[in-house]
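Each remark here refers to the structure printed beneath this line.
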Amino acid sequence: MKYNIILMYFYNILIINHSIIYSCGVLVTREIEKKWQKKWEEAKLFQSNHDEKEKVFLTVAYPYPSGAMHIGHGRTYTVPDVYARFKRMQGKNVLFPMGWHVTGAPVIGIASRIKNKDPWTMELYEKVHQVPKEELSKLEDPEYIVKYFSSEYHQVMSDMGYSIDWRREFKTTDPSYQKFIEWQLRKLKEMGMVRKGNHPVKYCPNCDNPVGDHDLLEGEGVDVNELTLLKFEIDGKYLTPATFRPETIYGVTNLWLNPEVKYIEVENNGENWIISGKSFNNLSNQIKDLNIVGEIDPKELIGKEVKNPVTNKKHPIFPASFVDPEYGSGSVFSVPGHAPADYIALQDLKNNHDLLNKYNLKDTVANIQILNVVTLKKYSQIPAKDLIEKLAIKNQEDPKLVEATNELYKVEHSKGVMSPHIPDYAGDNVAIAREKIKKNMISDSLASIMYDFAEHPVVCRCGNRCVIKIMDNQWFLKYSDEDWKEKTRECLAQENIIPNEIRSNFEYYIGWLEDWACSRRIGLGTHLPWDKQWLIEPLSDSTIYMAYYSIANYLKELNVQDINDAFFEKIFFNKDSDDLKITDDIVNTIQSEFSYWYPLDWRLSAKDLIGNHLSFHIFHHAAIFPKENWPQGMVVFGMGLLEGNKMSSSKGNVILLSDAIEKYGADVVRLFLMAAAEPWQDFDWREKEVIGTKRRLDRLFEFAKTIEDIKGSPLDLNNIKKVKLSRKIDLWMINQLNIRIKDTTDALEGFQTRKALQDSLFLLKKDIDHYMYRVKHLLESNKRDEAIVFVLSTVLKSWIKILTPFIPHSCEELWSSYGGDGFVAKTLWPIDNIYFADESNVSDDEFLASETIEKSEEIVQGTVHDILQIKKILDKEPEKIHIYLANDWKWDLYKIADDVGKPDIGQIMGRAIGQNVHSDKKEIAEFAKKISREMTKTRYIGKIDEQDILNDAKDFIEEEVNTKIFIHKDNSYDPEDKAKNAIPYKPAIYME
RNA sequence: GCGGGGGUGCCCGAGCUGGUCAAAGGGGACAGGCUUAGGACCUGUUGGCACAGGCCUACCAGGGUUCGAAUCCCUGCUCCCGCACCA
């Protein structure tokens, strides 16, 4: 024990040292980040108002603040911030708002658990969500929970430097928002999109409330199954076994009852049913007015007969210990032909002489004839038996029995056909027959529907067992309505979906969605305006709230009583009305604000919300707004992983965003999150790689210092001394910069943050390294080379700009440190033809084409590479290196080969001879053969002046290969006949 | 079961409108340099065989289309995600 404490002590020291060492490398500290955040706020940089500029309106799903923000959330909210900042620099007027979705039930449960000092919850909120002790007890109030965490979210979002227009912040319980929701629901009701009906839910009788999966102590993710209750008559009463497979009613041989459990007689609508005592709780929540009449002794029923409701055959009742009194109604009908469990139970009973004697069943059991119902290829008339034999199942306790049951259920459902002797349904697929039989039996009052959990128990957090309750008089949104679906599809079709592969997912969900229960009993929220006992279900109040953002700041100024339906009709549809209570000028201002910002350009959300939130969002926009205000695009996010494992607050596997910011700084966190994966992919937070990201950021600052060092005086980005460039390597660097700017811009347009950073940070850094390497020898002879200073300053200036959306604090700091004017966030995004766009630079026609510039550098590098390769395998150091360039006829032939486009030597030869490119046919053939394969590996961009290129880089090459080089256009000196190896873009080499 | 998306080198992960792909980038490993030292930085190597700039084998498996396939088509295997009344 002591030993461990000592070890921990050392470990702590190591950790402390660790962070000290790293923090030494920080160039942008938290203080600097806070400084810039304050400056942005003071300058109201992100307050967006209606003006003449082109607008971009984007929203990201507002959070449900029931816990602290973790790095997964950090990614979700950084993506829109990066895009917003990018678009602003492109001169757009961008609206990026934020609100809090506080309606719903979870906080109610959390609050009561905190009140009850539930240890798990207390630990979660204290350790994972890091709520201070003095605040913890206040979380007994659900309103306080959302208040506490929404202000926490607000703080962390500010610390991340998000460019949010906070004037439009709201909570979904704000009175004016509730007015907005009431208006929407009334509107939908008027349109006939709301109906009343019944609906089964997971329910806790103790809490007297429906419960969601996250409110469960046990049984998370357990399905609710729909079962058919079949009524088997016995002495004027009914036994009501429940089943998944009503079609097997034709194969019933007997019923099973558990003689060791309590059964009761209940009265239901004039009928008397015999059910297990334990099933009453569940059934009574589903069937109205179910009254207990008395107890029934199951032992007395054993051996008696029941009547099959469909075939009218008589079946005996047998005892069985496997009958679970909690499942269904506590009795089971036996289909040994198609249910392995029934088959084996029957076998077991046959061998159980004690039991047979006790109930005097010997003859009855022996007379049971197993019946066939379903015909299945590759199976006998008794498929249950086949499977039991195949899996070698010995008795009822065998765990493989479940496997056999599931297997047969699946196979018969998907491939089974009703056997020829089954009346009315012979030849039908099982799946179809099942539905038909169920429907017919219910309409003939031979059966009814009940619901049960697929597994027991399902336990509420309060400790009580849950049941399934039919909620009656529920209100539904009619997503099943075909016209509504059609309109929704139309809306989807005109939207941009990123990534586009997700589109088919939406199409699927729109088709699949059925009516959605939009009312609930508990939680925070808005009451249904026409039926106040109901609250509006929290997904249904979050469908078109983006429209609310556009006017939220104005609504804060208004008197809530004055906000009525007429107001919203005016704002959203410009409909005039006598009921308006607000003066014209104010209404018109708000109206124009809405019509400026709408439609929504981009909606961002997580991919697990496709089937509900996002689909509802389309449904409601399609229903309520005219086409010109339909949403324009959606971006769907992936999930977050932590060191390869799924992030989950409730499992404690999270890193809080606030901790990450404290440790690494907002820019590092932003940079890592944006570089780790594209938004729609799952990203993985790996500590090691986060640290790597930090180093890379530091190097940006070092680069700036390097330039100043070369220049020998302070950098002034706002006033870069222009120099006309003549060296190809300088042009190459500028050209690479342009390529990176273009690729970054394209990537950002499509929300590809990872690719954008790949281009703007990593690849550009590589280019700069390469450039520095290429000009190293020039700096040695002239440290203050003006062209180099010009090139590097130009690169730095653009580099800072294109990184600003990602690491805004660092970029502001760099910008202001090196003479930039104002906020870099307010500067314009760089164009992608810097230098070349200026006509005075463009005298040398040859270097207009970026391809040529790239190719030149490739030739230089390729030549160096080849020389080094050959040198490596020579015995001795060469004294001279001769470089031979391809002569004109080779270029001509190369062009022909490119035109032909494939390695078809015959055709290339034919054309070459036809055009008479060269007199020596043998040489042509030889060369054609040589290049025919090479061709496909090289990009042909036309003839370029290789001599000029190599001469320009001659000193660099000589330094690299440490030997004098001689460039030859012909083979006047060619002792080893190497010149013939020269190919366009790939000179021949000879060393001596 | 229904629906969607994948399987790439030691690991993560790009590429996938066919040729510039032995395959970007990162991580790891190895070697070297810089250094008092380094968890900092730089360079090189990281499929095999060659050794005058080359060849072979490779992108789950099998088949096909093509002059040419990681990329297109078919088949199989396999992994992941969603399936609801609720954030």
Side-chain angles (χ1 to χ4, degrees), chain A residues 14 17-18 21-22 24-25 61 63-64 66 101 103-107 199-202 210-215 223-224 409-410 413-414 431 471 474 476-477 499 501-509 511-520 523 537-540 542 606-613 615 638-639 644 675-678 680-682 684 686 688-689 691-693 695-696 698-699 702 754-755 757-758 761-763 766 769 858 862-863 865-874 901-905 932-940 976 978 981 985-986 988-991:
Chain A
L14 283 174
N17 278 340
H18 180 97
I21 289 167
Y22 281 119
C24 288
Y64 180 79
S66 65
H101 187 215
T103 38
V107 288
H199 177 63
V201 292
K202 285 183 191 169
V211 286
D213 255 357
H214 42 279
D215 291 322
D223 282 334
V224 172
Y409 177 84
K410 251 192 241 170
H413 179 75
S414 56
M471 302 290 276
Q474 265 274 15
F476 289 85
L477 287 166
E501 296 83 72
I502 296 284
R503 185 182 291 278
S504 54
N505 246 316
F506 276 104
E507 284 160 1
Y508 173 75
Y509 278 112
W512 169 81
L513 273 167
E514 286 167 27
D515 293 352
W516 179 264
C518 66
S519 55
R520 295 217 60 180
E537 177 277 328
L539 291 182
S540 309
S542 302
K607 74 175 164 201
D608 50 333
L609 301 180
I610 294 170
N612 47 50
H613 258 304
S615 294
M639 301 283 149
E678 300 295 4
W680 45 91
Q681 296 171 326
D682 297 345
D684 193 358
R686 291 179 192 233
K688 219 167 197 160
E689 294 184 25
I691 292 166
T693 304
R695 279 190 222 125
R696 231 160 260 127
D698 294 347
R699 266 181 244 158
E702 284 158 19
R754 178 197 159 99
K755 182 166 191 309
L757 275 173
Q758 201 86 19
L761 188 55
F762 306 114
L763 294 179
K766 261 185 124 57
D769 287 347
E858 268 171 37
T863 307
H865 180 260
D866 286 352
I867 291 171
L868 290 176
Q869 189 113 29
I870 298 164
K871 256 183 87 172
K872 229 170 38 186
I873 52 179
L874 283 185
K902 52 182 176 180
D904 182 339
I905 295 170
S932 61
R933 201 149 31 135
E934 200 77 16
M935 248 333 280
T936 58
K937 291 189 177 177
T938 325
R939 185 166 37 98
Y940 180 76
E976 284 195 22
K978 297 286 186 191
N981 291 333
Y985 311 129
K986 194 171 167 60
I989 295 159
Y990 168 59
M991 300 189 189

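Just so it is clear: chains get the letters A, B, ... in the order the sequence lines come, proteins before strands, and each one is counted from 1.
Here the closest non-hydrogen pair linking His613(A) and Leu539(A) is NE2-CD2, 3.2 Å. In this structure, Tyr509(A) and Ser615(A) approach most closely via the heavy-atom pair CB-OG, 3.9 Å. Contact detail for Lys607(A) and Ile610(A): the closest heavy-atom pair is O-CG1, 3.1 Å. Across Tyr64(A) and Val107(A), no two heavy atoms sit closer than the pair OH-N, 3.2 Å.
Rounded to whole angstrom, the span from the NE2 atom of His613(A) across to the C1' atom of rC83(B) amounts to 17 Å. Between Asp769(A) atom CG and rU43(B) atom P there is a gap of 7 Å when expressed in whole angstrom units. Look at NZ on Lys607(A): it is 13 Å from P on rC83(B), rounded to the nearest Å. One can place CG of Leu757(A) at 15 Å from C1' of rA24(B), the figure rounded to the nearest angstrom. A straight line from CH2 of Trp516(A) to P of rC83(B) spans 10 Å, rounded to a whole angstrom. Regarding Tyr509(A), its OH atom lies at a distance of 8 Å from the C1' atom of rG4(B), rounded to whole Å. The interatomic distance linking Glu678(A) (CD) with rC12(B) (P) rounds to 18 Å, in whole Å. Rounded to an integer number of Å, the gap from Phe762(A) CZ to rA24(B) C1' is 12 Å.
In this structure, the nucleotide among rC85(B), rG5(B), rG53(B) sitting nearest to the side chain of Ile989(A) is rG53(B). Taking only side-chain atoms of Asn505(A), from C-beta outward, the nucleotide of rG13(B), rC86(B), rG3(B) with the closest atom is rG3(B). Of the candidate nucleotides rA24(B), rA84(B), rG5(B), rG5(B) has the atom lying nearest to any side-chain atom of Glu501(A). Taking the side chain of Arg754(A) as heavy atoms from C-beta on, and the options rC86(B), rA24(B), rG53(B), the nearest nucleotide is rA24(B). Ranking rA84(B), rA52(B), rG53(B) by closeness to the Leu513(A) side chain, first place goes to rA84(B). Nearest nucleotide to the side chain of Gln681(A), out of rA14(B), rA84(B), rG5(B): rA14(B). In the set rG82(B), rG4(B), rG53(B), rG4(B) carries the atom at the smallest distance from any side-chain atom of Ser504(A).
The line from NZ of Lys986(A) to CD of Glu858(A) is 12.0 Å long, rounded to the nearest 0.5 Å. A distance of 11.5 Å separates CD of Gln474(A) from CG of Asp515(A), quoted to the nearest 0.5 Å.
Only the C1' atoms considered, rC21(B) is 9 Å distant from rA70(B), to the nearest whole Å. rG39(B) sits 16 Å from rG33(B) when the P atoms are compared, rounded to a whole Å. If you take atom P in rG32(B) and the same atom in rG82(B), they sit 49 Å apart, rounded to whole Å. If you take atom C1' in rC85(B) and the same atom in rG5(B), they sit 26 Å apart, rounded to whole Å. Separating the C1' atom of rC49(B) from that of rA22(B) is a span of 14 Å, rounded to the nearest Å. The separation of rC81(B) from rU75(B), taken at their C1' atoms, amounts to 25 Å, rounded to a whole angstrom. Straight-line distance between the P atoms of rA52(B) and rG15(B): roughly 39 Å, to the nearest whole Å. Nucleotides rG18(B) and rU66(B) place their C1' atoms 9 Å apart, quoted to the nearest Å.
Side-chain N/O atoms of Lys766(A) include one lying less than 4.0 angstrom from OP1 or OP2 on rG25(B). Close to rC85(B), at under 4.0 Å from its OP1 or OP2, lies no side-chain N or O of Arg520(A). Within the structure, every side-chain polar atom (N or O) of Gln758(A) is placed at least 4.0 Å from both OP1 and OP2 of rG26(B).
Base pairing of rC51(B): no nucleotide in any strand meets the Watson-Crick or G-U wobble criterion (both distances under 3.5 Å). Checking rU46(B) for Watson-Crick or G-U wobble geometry (two distances, each under 3.5 Å) identifies rG28(B) as its partner. The partner of rC59(B) is absent, by the rule that a Watson-Crick or G-U pair needs both atom distances under 3.5 Å. The partner of rG18(B) is absent, by the rule that a Watson-Crick or G-U pair needs both atom distances under 3.5 Å. With both pairing distances under 3.5 Å, rU66(B) is matched to nothing as a Watson-Crick or G-U wobble pair. Pair check for rA40(B) finds none; no Watson-Crick or G-U wobble contact set falls under 3.5 Å. With a cut-off of 3.5 Å on both pairing distances, the Watson-Crick or G-U wobble partner of rC83(B) is rG1(B).
Mapping Glu537(A) and Trp512(A) onto RNA chain B by nearest heavy atom places Trp512(A) at the nucleotide closer to the 5' end. Nearer the 5' end of RNA chain B, as judged by each residue's closest nucleotide, is the contact made by Tyr508(A), out of Tyr508(A) and Ala676(A).
Among the atoms of the strands shown, base atoms are found under 4.0 Å from some heavy atom of Leu609(A). Residue Ala677(A) is classed as having no contact, given no heavy-atom separation below 4.0 Å to the nucleic acid. Residue contacts shown for Asn612(A) include a base, since a base heavy atom lies under 4.0 Å away. Here Gly611(A) lies out of heavy-atom contact (under 4.0 Å) with every strand.
Side-chain atoms of Trp516(A) and Glu537(A), non-hydrogen and from C-beta on, do get closer than 4.5 Å to each other. In this structure, His101(A) and Thr103(A) have side chains that are in contact, with non-hydrogen atoms separated by less than 4.5 Å.
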